[in-house]
Amino acid sequence: MALDGIKKYFSRHVHRRIHTYTPDDAFMIDLPETHSYIRRRVETFKLEANIGVNTAKIELHTPDVRVKGLRVKIYTKQDVKIHAYKTRNKINVYSALKQLQAMPQERVNIIKLIKNKPSSSKNEIMLACYYPVVEGAVLKLALNKQRGTLLVWYNPGSRQLKARSVYLIRRLGLDAKTEWRWV
Amino acid sequence: MAQNNLTGYILIEGGESSVRGIVLITDPKGFPADCHYTEPVRPTKPERILYGSSFDSYAKEELILSSLLDSVEFDPQLWICNDEDILEPLRKSAKIKTVMLEESPHVPLEAAGAVESLPENGVYLIQTEEHGNPLRAEFPANTRQDEVQQTAKMLTENAKTMSILEPFDRMRKLLDLKGAE
């Protein structure tokens with residue numbers, strides 16, 4: 001034993017090597033199942049001469065060692081408490097069907113993209129075109145003036161599927177007004 | 001679960017600190033047939049140590065996606081997602097056609113229904129509507145060409161009665177509303 005101690009002393013102080021031990025079973029921490037996509041990295045650090053490792057107490061005498069940003073605290077084997085860690089595999093899920101059914105769908109103005117606009121009279125200006133809108137299922141239409149979009153509420157019970165374009169048209173002249181026109 | 005002409009949307013948002021998700025099943029008009037959302041998932045202390053910067057991937061795939069898929073009552077004919085991280089797991093879990101869609105700045109293709117492959121593997125442009133730019137569609141690895149064509153056909157058909165990407169806006173609004181409550 002004494003010779004072994006001398007060997008270790010010289011190994012450490014002359015060759016700057018330290019002896020390492022494999023931890024016994026009692027110190028093994030039961031890690032949960034890991035996943036192949038997790039990025040892992042193993043880093044090794046060369047210990048300077050002023051760093052001492054006492055394997056009996058498992059102490060790391062340096063305040064500056066960092067492992068993934070976590071400071072390694074000085075601890076002893078007696079401080080290690082092993083707890084079973086269970087990964088969670090399900091989380092709470094809530095229904096939002098009613099809220100979403102009450103929300104309107106939004107259509108953007110595609111008037112600039114329409115190459116073949118429907119014919120209109122000289123006293124009319126086509127301001128906007130919204131597509132697709134299922135006319136037979138519409139419960140309510142509203143223009144979002146801030147965004148220039150059309151808000152569409154559908155009747156939940158409707159089975160209609162025939163979509164059309166809806167144009168916003170402004171009539172000029174004495175009877176000037178804005179109106180919707182289905183095309 | 002009944003097989004029908006429904007379309008499924010999955011939106012998962014967040015990063016290392018918190019991730020949340022929502023699933024929406026719509027009819028061909030875009031009207032909701034089913035909708036569920038998750039609470040925000042924040043890493044616990046052990047999870048932060050175990051997963052580090054990979055926590056969002058773990059949360060998206062293992063927690064949120066599987067919980068959302070378990071919650072839906074209808075099987076859609078197509079799943080559309082917004083995140084390439086969940087494209088493969090979604091395909092694996094749902095076992096039906098799956099695609100990630102987003103807007104693209106490309107010039108319109110010749111006609112609605114047209115498909116054009118991009119240099120990236122499994123990425124295509126699909127002209128779903130007559131007007132406007134094509135959509136950028138990313139498919140899971142090993143998706144066959146005939147599946148790409150079938151998906152493009154479904155999307156083009158749906159685009160006749162609904163705006164294809166619009167449900168994502170409603171889903172984001174709902175998550176914002178729930179986050180504010």
Side-chain angles (χ1 to χ4, degrees), chain A residues 31-35 37-41 67-70 83 85-108 110-116 129-134 136-138 149 152-165, chain B residues 20-41 44 46-55 57-59 61-64 66-68 70-72 85 89 108 129-133 158-163 166-167 169-171 173-175 177-178:
Chain A
L31 288 173
E33 183 190 352
T34 55
H35 302 278
Y37 58 79
I38 295 173
R39 292 182 291 277
R40 301 177 185 84
R41 190 171 63 181
V67 179
K68 282 197 171 187
L70 295 174
H83 298 282
Y85 172 67
K86 195 177 178 185
T87 51
R88 49 180 170 175
N89 50 18
K90 283 286 176 282
I91 50 173
N92 291 332
V93 176
Y94 308 96
S95 174
L97 183 59
K98 284 185 180 174
Q99 290 104 311
L100 215 73
Q101 283 182 336
M103 266 188 194
Q105 294 186 36
E106 199 166 18
R107 298 285 181 269
V108 295
I110 57 166
I111 192 80
K112 287 182 182 172
L113 304 173
I114 305 282
K115 288 173 187 165
N116 303 314
C129 174
Y130 302 99
Y131 177 86
V133 182
V134 180
V138 168
T149 56
V152 184
W153 283 265
Y154 282 132
N155 180 353
S158 174
R159 291 184 177 273
Q160 292 283 332
L161 279 178
K162 188 169 170 52
R164 299 175 75 185
S165 300
Chain B
R20 58 188 183 167
I22 180 168
V23 60
L24 169 66
I25 310 288
T26 73
D27 72 1
K29 292 195 294 290
F31 193 76
D34 197 6
C35 179
H36 290 87
Y37 67 97
T38 68
E39 60 193 353
V41 178
T44 60
E47 282 172 341
R48 197 174 290 131
I49 294 163
L50 279 171
Y51 299 109
S53 60
S54 302
F55 175 77
S57 300
Y58 159 72
E61 295 175 32
E62 301 292 323
L63 300 177
I64 295 177
S66 60
S67 300
L68 290 174
D70 286 349
S71 71
V72 294
D85 281 355
E129 298 175 25
E130 279 182 42
H131 319 290
N133 301 342
N158 275 3
K160 290 175 184 171
T161 49
M162 67 181 284
S163 177
E166 185 273 341
D169 295 335
R170 273 182 283 158
M171 294 160 83
K173 277 181 196 165
L174 192 110
L175 282 183
L177 281 173
K178 293 295 173 189

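Below, chains carry the letters A, B, ... as their sequence lines are ordered, and counting in each starts from 1.
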Looking at side-chain heavy atoms only, is the closest gap between Gln105(A) and Ser163(B) below 4.5 Å?
no
For the student: nearest non-hydrogen atoms of Leu100(A) and Arg170(B), plus distance:
CD1-O, 3.9 Å
Measuring heavy-atom distances to chain A, does Leu24(B) have an atom under 4.5 Å in its side chain, in its backbone, in both, or in neither?
side chain
Within a radius of less than 6.0 Å around CD of Glu166(B), do more than 12 heavy atoms belonging to other residues, nucleotides or ligands occur?
yes
Checking Met103(A) against Leu174(B) for the side chain to side chain contact (heavy atoms under 4.5 Å, CB included) test, could you report, in this order, the C-alpha distance in whole Å, the side-chain angles of both residues, the deciding distance, and whether it holds?
CA-CA 9 Å; Met103(A) 266 188 194; Leu174(B) 192 110; 3.9 Å; yes
Report which part of Val134(A) has an atom under 4.5 Å of a heavy atom belonging to chain B: side chain, backbone, both, or neither.
side chain
Once salt bridge (charged side-chain N to carboxylate O under 4.0 Å, His left out) is applied, what residue pairs with a partner in residues 21-32 of chain B remain, sequence neighbours excluded?
Asp27(B)-Lys29(B)
Val41(B) versus Ile91(A), closest heavy-atom pair with distance
CG2-CD1, 3.4 Å
Under 4.5 Å from any heavy atom of chain B - which part of Ala137(A):
side chain
Bottom line for Glu39(B): the part with an atom under 4.5 Å from chain A's heavy atoms is both
For Val138(A), check side-chain contact (heavy atoms from CB on, under 4.5 Å) against everything at least two apart and list the hits.
Val133(A), Leu141(A), Val152(A), Tyr154(A), Trp182(A)
What are the two closest non-hydrogen atoms of Glu106(A) and Lys173(B), and how far apart are they?
OE1-NZ, 3.4 Å
Heavy-atom pair count under 4.5 Å with chain B, highest-scoring of Ala163(A), Ser95(A), Pro104(A), Pro132(A)
Pro132(A)
At their closest point, which heavy atom of Tyr131(A) faces which heavy atom of Lys160(B), and how far apart are they?
OH-O, 3.6 Å
Of all heavy-atom pairs between Thr161(B) and Leu161(A), which one has the smallest distance, and what is that distance?
CG2-O, 2.9 Å
Using 0.5 Å steps for rounding, measure from the SG atom of Cys35(B) to the CD atom of Gln101(A).
9.5 Å
Checking Glu47(B) against chain A: side chain, backbone, both or neither under 4.5 Å from a heavy atom?
both
How long is the straight-line distance from OH of Tyr37(B) back to CG of Leu97(A), given to the nearest 0.5 Å?
12.5 Å
